[in-house]
Structure formats: structure tokens, C-alpha cells
Number of protein chains: 2
Amino acid sequence: MHTKEKILASSIELFAVNGYAGTSMAKIADKVGIKKPSLYAHYKNKEALFIDVTKKMVDEYVEFVRKSLDVQALNIKTVLYESFKTHVHDLARNDASIQFYNRFMQYPPKGLESELTASMEQSEEKARMLLEIVVAKGQTSKEITTELNAKSIARTYFCLIEGLANETTIYTLEEVEHHAESVWNVFWRGIRINLE
Amino acid sequence: MHTKEKILASSIELFAVNGYAGTSMAKIADKVGIKKPSLYAHYKNKEALFIDVTKKMVDEYVEFVRKSLDVQALNIKTVLYESFKTHVHDLARNDASIQFYNRFMQYPPKGLESELTASMEQSEEKARMLLEIVVAKGQTSKEITTELNAKSIARTYFCLIEGLANETTIYTLEEVEHHAESVWNVFWRGIRINLE
DNA sequence: GTCTATACGGCGATAGAC
DNA sequence: GTCTATCGCCGTATAGAC
């Protein structure tokens with residue numbers, strides 16, 4: 001692993017856990033195993049490093065959503081349920097990249113808002129589109145109601161995921177996964193065809 | 001308004017917007033209209049000030065939820081809908097106290113976690129209980145399904161609120177309120193009695 | 001590219017006069 | 001309680017040798 005890759009990997013974890021202000025260049029250097037000034041051979045300053053990390057994370061998040069939806073299953077309900085569980089599980093397990101994404105989408109560092117929100121908004125859109133396709137399939141196969149549009153359903157799905165993400169700080173992995181089951185039941189009742 | 005009240009009011013806004021590390025004692029003093037050392041006549045240090053603010057915010061949040069549910073309406077659906085809208089509206093309007101609550105429940109300052117999560121967890125519980133009572137009424141009056149328990153429904157409600165809260169950074173007030181409508185529709189379909 | 005040494009600013013916090 | 005002055009620390013960032 002080259003130094004630059006190590007810098008990226010270390011930064012992701014530290015930023016995700018300690019936030020932007022809470023992560024010093026010294027701590028990053030420590031984790032990488034080099035001295036602080038050596039970082040500046042790779043990045044002009046802390047902001048440039050953070051922006052580079054963010055770009056990587058944004059792409060990774062969309063890819064994560066894509067993979068989580070790539071489930072072999074007999075019906076759309078199972079696909080959505082498995083994706084939902086994977087999502088929550090990785091969040092609750094404190095997966096650094098997902099935590100990073102959630103944290104800085106909500107609270108971008110002061111001064112970097114304009115540089116970040118554009119790409120964040122784009123990736124939100126992409127992730128939601130991937131889900132919309134699955135939802136639309138479910139509507140075609142008569143598993144999901146057509147009284148609601150696919151976009152609304154996809155939005156709700158992500159709201160629930162993010163709401164559960166918020167809980168990971170004060171609740172344990174088991175508790176969050178248990179809450180996720182409750183939430184899923186309400187969600188599925190909300191979108192399924194009533195006759196079922 | 002006495003100095004101490006001014007300190008509290010100023011701190012809430014600054015912490016909510018700029019976070020703990022991002023809010024210096026100097027900035028708080030500036031906003032209050034005094035000099036930095038004068039703050040130390042009222043609080044031993046920054047942590048003590050923050051903890052005092054948090055205590056106030058935790059109580060205020062429960063009170064906010066209580067009030068939002070105190071709606072004169074013919075049916076439970078309307079009560080829940082109005083409460084939901086009030087909640088989202090105040091979030092999207094960047095109401096400092098709700099933002100403060102959401103921010104630091106999810107990302108407590110390093111070193112203060114143990115001191116905060118206990119009271120946070122308690123207030124979460126209280127707020128959810130208030131909602132559970134309303135949901136239970138809806139179940140009795142046969143508006144809400146009894147296939148789901150009131151706790152699950154209340155949890156889902158707050159997940160949706162928090163999920164929508166996350167959006168306030170990158171979307172405008174109008175967009176968030178529009179999303180809230182979509183989300184509400186899925187939620188209501190999920191908890192209503194099917195025959196309706 | 002990595003190091004040691006260092007500059008410089010902002011931070012939390014204190015001393016002591018009024 | 002509020003002020004001016006100041007301390008000590010740690011943050012980002014740079015200079016310059018190897």
C-alpha cells in the first residue's frame with residue numbers, strides 16, 4: 001500500500017469518528033506512520049485532503065447502494081428487505097465509509113459547504129435512482145402499490161436509513177437492528193399492495 | 001435579559017450551527033456582548049457551559065414534542081399529521097434548539113459522551129412515550145392497525161423525522177417539506193387500518 | 001518524500017485591577 | 001461581574017537538510 005492510499009484510508013476513519021475539526025494532521029500522520037510535515041508532500045493542506053477523501057466516499061456510497069440492491073431473490077420484497085438490512089447492519093457496525101458519508105452530508109465543515117453539497121446532492125440522487133428502479137419493478141410485478149410513486153417510496157427508504165443511522169450513537173448494534181425490524185414492518189405495510 | 005440567559009441563548013445557536021469544536025469561547029462572548037474572560041465568572045469552563053446548555057435542550061425537546069401533539073382535531077390521523085408537519089417545519093426552518101438536540105444526540109463532543117447519552121436516551125424515551133400514547137388512542141379508535149405495536153410505530157415516526165432532519169443541510173425548506181409529504185403518505189399507509 | 005525545527009495564530013483558561 | 005493582559009498549549013503550515 002502506497003503512502004497516499006494509507007493517508008486516504010487513515011483519514012476516512014479519523015474524520016468519520018472525530019469529525020473535521022476533531023481530526024488533526026498530526027493524528028492522521030501518526031496513523032499513517034509518518035511525520036506531520038510529510039503529509040504536505042501529498043496534499044496542499046487539510047482542506048484539499050478532506051475534499052479528496054470526500055470525492056472517494058461519495059462514489060463509494062453509490063457503489064455500496066448498488067451492491068446492496070444486487071440480491072438474488074424471488075421477489076422484490078426480499079430484495080428491498082435484504083438491502084435494508086445490509087444498509088443498517090453496516091451503519092450500526094460503524095463502517096467508516098458510510099459513517100463518513102452520513103456525517104459530512106449532514107454537517108459539512110465550515111467553509112467547505114459549497115464545495116461539497118453539489119457532489120453530495122448528486123450522489124443522493126444516484127442512490128435514490130437505483131432504488132427507484134427496484135421499486136418500479138415491484139410495482140410492475142404487482143408487489144408494490146401504484147398509489148404512491150417510486151420516488152416517494154425511495155425517499156422514505158433513505159429517510160428511514162438515515163434516521164436509524166442517528167440512533168447508532170446511543171444504542172447498541174442489537175438495539176438498532178431490532179428497531180430496524182420494527183421500522184421495516186411499517187415501511188413494507190406502507191408500500192405493499194393491500195390485497196396481499 | 002440577564003447575562004447568564006444571554007450566554008445560554010447565544011451558546012445554543014452557535015453550538016447548533018458550528019458544533020462544539022467549531023464554537024470558541026471568544027465567539028460566544030462576542031455574541032453575548034462581553035469579553036471572553038467574563039464567561040468564566042458564570043461557568044467553570046467550556047464543558048460545564050455545554051453540559052448546562054444540553055440539559056436545557058433535552059427538556060425543551062420533550063416539551064416541544066408534547067406541544068406538537070397537543071392538537072385539537074377530530075381524529076388521530078390529523079393529530080399525527082399536524083405534529084409531523086410542525087416537527088419537520090421547525091427542523092427545516094433551522095430552529096436552533098431542535099438542531100442542537102439532533103446534532104449532539106448523534107455526535108456528542110469527544111469526552112462528553114458518557115455524560116450526555118444517559119440524559120439523551122431518557123429524553124428519547126420520553127418523547128417516544130408521548131407519541132406512543134397518541135398511537136395507542138388511534139388503535140383504540142380503530143384508525144391505526146393493531147398488527148403493529150405502538151412502540152414500533154413511534155420509533156418509525158422518529159426515524160422519519162430524523163431522516164428528514166438530515167436533508168435540511170442540502171435541500172431547501174420547500175424541498176424538505178415536499179419530501180415530508182411523500183414520507184408521510186408512506187407512513188400513514190403503513191399504520192392505518194387497511195379497510196379504510 | 002521524509003525528516004527536524006520552527007513560525008504563527010487561535011484556543012481555553014487564569015491573574016489581578018476596577 | 002467585567003475588564004486588560006498574559007500564559008501555555010496545540011493547531012495548521014512552512015523552511016530547509018538529507
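Just so you know, these numbers use all the heavy atoms, side chains as well, and skip hydrogens, waters and symmetry mates. Note on naming: letters A, B, ... go to the chains in the order of the sequence lines (proteins, then strands), and numbering restarts at 1 for each one.
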Next item on the list: Return the minimal non-hydrogen interatomic distance between A/Ser10 and A/Ile28, and the atom names on each side.
Entry: CB-O, 4.5 Å

Item checked: Pairwise side-chain contact, A/Val135 with A/Gln139, heavy-atom cut-off 4.5 Å (strictly under) -> yes

Checklist line | B/Lys36 NZ - D/dT6 P separation (whole Å) | finding: 14 Å

Notebook entry, point to check: Closer than 4.0 Å, any side-chain N/O of B/Ser38 to the OP1 or OP2 of D/dG1?
Noted result: no

Notebook entry, point to check: Nearest to the side chain of B/Pro37 - C/dT4, C/dG12, D/dC3?
Noted result: D/dC3

Item checked: From D/dG1, C/dG1, D/dA13, nucleotide with atom closest to B/Ala41 side chain -> D/dG1

Notebook entry, point to check: Within this structure, what is the CG-to-P distance between A/Asp30 and D/dG11, rounded to whole angstrom?
Noted result: 11 Å

Check: Are any non-hydrogen side-chain atoms of A/Tyr81 and A/Val71 less than 4.5 angstrom apart?
Finding: no

Notebook entry, point to check: Roughly how many Å is it from NZ in A/Lys27 to P in D/dT12, rounded to a whole number?
Noted result: 9 Å

Item checked: Nearest-Å distance for atom pair CZ/P, residues A/Phe50 and D/dT12 -> 13 Å

Item checked: Rounded distance in Å - NZ (B/Lys46) to P (C/dG10) -> 15 Å

Note to self: Would B/Lys4 and B/Tyr43 count as a cation-pi pair here, with the cationic atom under 6.0 angstrom from the ring centre and within 45° of the axis?
What the structure shows: yes

Note to self: Less than 4.5 Å apart, side chain to side chain, heavy atoms only: is that true for B/Glu60 and B/Tyr101?
What the structure shows: no

Note to self: Measuring from the side chain of A/Tyr40 (C-beta onward, heavy atoms only), which nucleotide among C/dG1, D/dT14, D/dC3 has the closest atom?
What the structure shows: D/dT14

Check: Any idea which of C/dC3, D/dA13, C/dG12 is nearest the A/Asn45 side chain?
Finding: D/dA13

Margin query: So, OP1 or OP2 of D/dT2: does either fall under 4.0 Å of a side-chain N or O from B/Thr3?
Written below: yes

Next item on the list: Whole angstrom is fine here: how far is it from CG in B/Leu39 over to C1' in D/dC3?
Entry: 13 Å

Check: Rounded to the Å, how far apart are B/Ile28 CD1 and C/dA13 P?
Finding: 11 Å

Item checked: Gap between atoms NE2 and C1', on A/His2 and C/dT2 respectively (whole Å) -> 16 Å

